[in-house]
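Given the structure is predicted, the values throughout are model-derived calculations rather than measurements. Keep in mind that the numbers below use all heavy atoms, side chains included, and drop hydrogens, waters and symmetry copies.
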Amino acid sequence: MIVEISGGQSGIAEYLEGGRKKDREFTRKEADKRVTLSGDLKVTDSIIKSLDFKENYTHITFAFKEDFVSIDDLKKAVSEFENFIRVAYKNDELNIYAEAHLPKLKSYISKNGEVVIRKPHLHIVIPNVNLATGKYIEPLGYVKKNIHYVDAFQELFNQKNGFESPKDNRRSEFNLDSSIVARQKNDMFEKNIVEKEEILNYIID
């Protein structure tokens, strides 16, 4: 499992619910089964929409290499990460929402001809506001300076729970979509592209 951190001003609820991206046409409902693990997306979204910061939320993604991750393990990942974050805050200062995406669509060919193999992944969203004071916060502090703490959490969680680490799988690519991906150029499918894609889907299933 790898932890990736990003953020934005708006649109995260729409992305989680709708799932469309520039390199793919399918919807979230077609791509994934959504499982809420913590919080309420409507509450989190309303908080984000009430803010006017340069970045209104922090988006944390957990990407797994494994084809199957149990709901219990996903809940454990969220719970342990929440505990990790909340050490620096009181209980009433943060709003946290988390949901897992369990792939229905196991692979697809992107618009630029890459084969994307999709795996279980989860999303954690935290509005960048201290609910008690109304002031802007960065829930993980200045991430570039604190990334070693996030890496420590990642590696400890992987070791304790038997998940693959990107540090041990440097030939495997973990992407910001939270899907552990094996992306290969179209030369893998120069001939009989449809048949080979069907075979790949059969193997993954």
Could you tabulate the donor-acceptor pairs under 3.5 Å formed by side-chain atoms of residues 143-157, not counting sequence neighbours?
{"from": "N146", "atom 1": "ND2", "to": "L140", "atom 2": "O", "distance (Å)": "3.0"}
{"from": "H148", "atom 1": "ND1", "to": "K145", "atom 2": "O", "distance (Å)": "3.3"}
{"from": "Q154", "atom 1": "OE1", "to": "V3", "atom 2": "N", "distance (Å)": "3.0"}
{"from": "E155", "atom 1": "OE1", "to": "S165", "atom 2": "OG", "distance (Å)": "2.8"}
{"from": "E155", "atom 1": "OE2", "to": "S165", "atom 2": "OG", "distance (Å)": "3.0"}

Listing, residues 128-136 side-chain donor-acceptor contacts under 3.5 Å, not counting sequence neighbours, or none:
{"from": "N128", "atom 1": "OD1", "to": "T58", "atom 2": "N", "distance (Å)": "3.2"}
{"from": "N128", "atom 1": "OD1", "to": "T58", "atom 2": "OG1", "distance (Å)": "2.7"}
{"from": "N128", "atom 1": "ND2", "to": "E55", "atom 2": "O", "distance (Å)": "3.1"}
{"from": "N130", "atom 1": "OD1", "to": "A132", "atom 2": "N", "distance (Å)": "2.9"}
{"from": "N130", "atom 1": "OD1", "to": "T133", "atom 2": "N", "distance (Å)": "3.2"}
{"from": "N130", "atom 1": "ND2", "to": "E93", "atom 2": "OE2", "distance (Å)": "3.2"}
{"from": "T133", "atom 1": "OG1", "to": "K135", "atom 2": "N", "distance (Å)": "3.2"}

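Looking at every heavy atom in both residues, P120 comes nearest to E66 through CD-O, 3.2 Å. Considering all non-hydrogen atoms of both residues, Q9 and K54 come closest at CG-O, 3.0 Å. The minimum heavy-atom distance linking H123 with H59 is given by the pair ND1-NE2, 2.8 Å. Contact detail for E99 and L41: the closest heavy-atom pair is OE1-CD2, 4.4 Å. Closest non-hydrogen pair, Y97 versus S38, comes out as CD1-O, 3.2 Å.
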Just do the side chain to side chain contact (heavy atoms under 4.5 Å, CB included) check on L51 and Y57 with the steps written out, would you? CA-CA 9 Å; L51 304 178; Y57 64 86; over 6 Å; no
Passes salt bridge (Lys or Arg N to Asp or Glu O under 4.0 Å), K106 versus D67? Steps please. CA-CA 9 Å; K106 302 297 178 65; D67 291 316; over 6 Å; no
Pair K104, D32 - check side chain to side chain contact (heavy atoms under 4.5 Å, CB included), show working. CA-CA 5 Å; K104 297 177 185 176; D32 300 301; 5.6 Å; no
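Put simply, the side chain of I12 does not reach to within 4.5 Å of the side chain of T44, judged on heavy atoms. Proximity of Y89 to I137: side-chain heavy atoms (C-beta onward) are separated by under 4.5 Å at one or more points. For the pair H101 and R118, the minimum side-chain heavy-atom distance is 4.5 Å or more.
Going from atom CZ of F81 over to atom CG of L37 covers 13.5 Å, rounded to the nearest 0.5 Å. The CD1 atom of I48 sits 9.0 Å away from the OG atom of S10 when rounded to the nearest 0.5 Å.
Test L102, T61, V78, V69 against L122 for side-chain contact (heavy atoms from CB on, under 4.5 Å) and you get one pass: V78.
Residues passing the side chain to side chain donor-acceptor pair (under 3.5 Å) test with N158: none are found, sequence neighbours excluded. With sequence neighbours left out, the side-chain contact (heavy atoms from CB on, under 4.5 Å) criterion links V43 to D40, I47, N95. Residues that satisfy the side chain to side chain donor-acceptor pair (under 3.5 Å) test with E138, not counting sequence neighbours, are absent from this structure. Applying the side chain to side chain donor-acceptor pair (under 3.5 Å) criterion to N161, with sequence neighbours excluded, gives K76. For S79, there are no side chain to side chain donor-acceptor pair (under 3.5 Å) partners two or more places apart in sequence or in a different chain. For D45, the salt bridge (Lys or Arg N to Asp or Glu O under 4.0 Å) partners are K49, not counting sequence neighbours. Residues satisfying the side-chain contact (heavy atoms from CB on, under 4.5 Å) test with R86, not counting sequence neighbours, are E82, L94, I96.
Without hydrogens or angle criteria, R28 side chain to L16 main chain gives a donor-acceptor distance under 3.5 Å.
Summarising the local packing, CG of N91 is surrounded by 12 or fewer heavy atoms from other residues, nucleotides or ligands at distances under 6.0 Å. Counted within 6.0 Å of CG on D92, heavy atoms from surrounding residues, nucleotides or ligands total more than 12; the atom is thus considered enclosed.
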